[in-house]
Amino acid sequence: METKNIILELRTKMGLSQDELAEKVFVTRQAVSRWETGETVPGTDTLKLLSKLFGVSINTLLGSPIELYCECCGMPMKDGDLSREKNGDFNEKYCSWCYCDGDFTMDFWKRYGKLGGKEKFEEFKKQLINEFNTLLHIEGLPKVEDLHVLAGSFINTAYRLPNGETVKFLDDNATYLGNQLECEFGGDRCFGIAAGMDFLLVSTYEANGENPELVIYKKR
């Protein structure tokens, strides 16, 4: 759907006239009319106001030209998943589970925020990526390019050990850095990697996490 139709639909749904919408976003009625006929598109500042007023992302107002992914956990996002700043504006970089009211919700981010902020956190991510790529030498594991912050409850898989015992290595209530990677040799199994302050973990599994197998759990 085009921007002109989206604005018309959202305005009508809210029961606003063109004059009323114009007043709320500090433009003229003629400007609203031109948006709805497709002659013009709202500017960046006006799009932010419309986003806040209608409760949808700027991405949606522009006809969803790109698929949004949370830069924290890497999950795809729709309007209902987007986080908000303290003033109510949408933050289209992060989902509402990772970021809320101007702050990150996950303990990993908060811990590293206290140790030096996002710059230090990014340095730590690069260090872990380098360790995955240079220390493990796992056949079929492609080069690690990025790590996302993931909730323990999302990735804490139970693995069956050679003695038949089933063990979980992570904490459901903690957060970790990890990613999912396709095997270089193809097939129906992929790699799952995870890391914390003191370990690196690599596993393989089928679609939807079925039939997981632990490849390595290495202390740092």
Side-chain angles (χ1 to χ4, degrees), residues 1-14 21 24-25 32 35-36 38 40-113 117-119 121-126 128-129 142-156 174-182 190-195 205 207-209:
M1 189 182 294
E2 296 182 55
T3 298
K4 63 180 182 179
N5 299 321
I6 294 168
I7 293 177
L8 174 60
E9 180 179 301
L10 292 171
R11 175 179 67 78
T12 303
K13 190 174 295 185
M14 286 192 70
L21 176 57
K24 289 182 180 294
V25 295
V32 174
W35 299 340
E36 294 182 355
T40 61
V41 175
T44 301
D45 290 338
T46 306
L47 283 169
K48 290 179 180 179
L49 293 174
L50 290 168
S51 169
K52 189 173 182 179
L53 174 66
F54 292 136
V56 300
S57 67
I58 292 175
N59 194 52
T60 293
L61 288 171
L62 294 176
S64 299
I66 58 174
E67 188 170 9
L68 298 176
Y69 291 86
C70 176
E71 293 183 11
C72 178
C73 67
M75 299 299 288
M77 299 186 298
K78 297 180 180 179
D79 283 336
D81 304 323
L82 295 177
S83 61
R84 290 180 182 267
E85 300 291 350
K86 289 183 178 179
N87 64 2
D89 288 348
F90 277 111
N91 184 320
E92 299 187 22
K93 291 185 177 181
Y94 307 111
C95 71
S96 58
W97 291 280
C98 295
Y99 188 85
C100 182
D101 293 331
D103 194 12
F104 291 101
T105 61
M106 290 185 163
D107 64 321
F108 220 133
W109 286 92
K110 290 185 176 181
R111 277 188 286 159
Y112 282 95
K118 186 173 182 180
E119 182 177 343
F121 180 73
E122 291 300 323
E123 288 180 8
F124 179 69
K125 283 175 64 175
K126 290 179 181 178
L128 289 176
I129 290 171
K143 183 178 180 180
V144 179
E145 302 286 353
D146 196 12
L147 295 171
H148 305 295
V149 177
L150 303 172
S153 58
F154 180 67
I155 62 172
N156 195 11
T175 48
Y176 303 94
L177 286 163
N179 207 339
Q180 177 175 289
L181 303 169
E182 298 297 325
C190 60
F191 286 100
I193 62 174
Y205 45 79
N208 302 315

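Basis for what follows: all heavy atoms, side chains included, without hydrogens, waters or symmetry-related copies.
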Looking only at atom types and distance, does a side-chain atom of Lys52 sit under 3.5 Å from a main-chain N or O of Asn87, one as donor and one as acceptor? yes

Residue pair Val41 / Trp35, side-chain heavy-atom distance below 4.5 Å: no

Please give me the minimum heavy-atom distance between Leu62 and Leu47, naming the atom from each residue. CD2-CD1, 4.1 Å

Taking side-chain contact (heavy atoms from CB on, under 4.5 Å) as the test, write out the residues that go with Asp101, two or more places apart. Lys86

Pro76 versus Glu67: any side-chain heavy-atom pair under 4.5 Å? yes

Could you check whether any side-chain heavy atom of Leu53 comes within less than 4.5 Å of a side-chain heavy atom of Met14, counting everything from C-beta outward? yes

Are the side chains of Ile129 and Glu145 in contact, using a 4.5 Å heavy-atom criterion? no

The reported gap from CD in Glu9 to CD1 in Ile7 (rounded to nearest 0.5 angstrom) is 11.5 Å

Is a side-chain donor or acceptor of Gln180 paired with a backbone partner of Phe191 at a separation under 3.5 angstrom? no

Approximate separation, where rounding is to 0.5 Å, of Leu21 CG and Thr12 OG1: 10.0 Å

To check you understand the geometry: which heavy-atom pair defines the closest contact between Tyr94 and Cys70, and what is its length? CA-SG, 3.7 Å

For Leu147, does its backbone N or O pair with a side-chain atom of Lys125 as donor and acceptor, under 3.5 Å? yes

If you look at every heavy atom in Leu128 and Ala195, which pair is closest and at what distance? CD1-CB, 3.8 Å

Measuring from Glu36:CD to Ile6:CD1, what's the distance to the nearest 0.5 Å? 12.0 Å

Can you tell me how far NZ of Lys126 sits from CG of Asp146, rounded to the nearest 0.5 angstrom? 10.5 Å

I need the Lys78 NZ to Leu68 CG distance, nearest 0.5 Å. 12.0 Å

Validation row: Leu177, His148 side chains within 4.5 angstrom (heavy atoms): no

Stepwise, does the side-chain contact (heavy atoms from CB on, under 4.5 Å) test hold for Asn91 with Leu82? CA-CA 7 Å; Asn91 184 320; Leu82 295 177; over 6 Å; no

CZ of Phe154: more than 12 outside heavy atoms within 6.0 angstrom? no

Could you walk me through whether Arg11 and Leu8 pass side-chain contact (heavy atoms from CB on, under 4.5 Å), step by step? CA-CA 5 Å; Arg11 175 179 67 78; Leu8 174 60; 3.2 Å; yes

Can you tell if the side chain of Tyr205 reaches within under 4.5 Å of the side chain of Cys190, non-hydrogen atoms only? yes

With the side chain counted from C-beta on, respond yes when Asp89 and Arg84 share a heavy-atom pair under 4.5 Å apart, and no when they do not. no

How about CD on Glu2, more than 12 heavy atoms from neighbouring residues, nucleotides or ligands closer than 6.0 Å, or not? no

One pair to check against side-chain contact (heavy atoms from CB on, under 4.5 Å): Met77 and Tyr69. What are the steps and the verdict? CA-CA 6 Å; Met77 299 186 298; Tyr69 291 86; 5.9 Å; no

Ignoring hydrogens and geometry, is there a side-chain-to-backbone donor-acceptor pair from Ser57 to Asp79 under 3.5 Å? no

Would you say that Leu50 contacts Val56 through its side chain, given a criterion of any heavy-atom pair below 4.5 Å between the two side chains? no

Evaluate the criterion side-chain contact (heavy atoms from CB on, under 4.5 Å) for residue pair Val144 and Ile193; output intermediate values, then yes/no. CA-CA 9 Å; Val144 179; Ile193 62 174; 3.7 Å; yes

Whether the side chain of Asp81 engages the backbone of Cys95 through a donor-acceptor N/O pair (distance < 3.5 Å, no angle test) should be reported. no

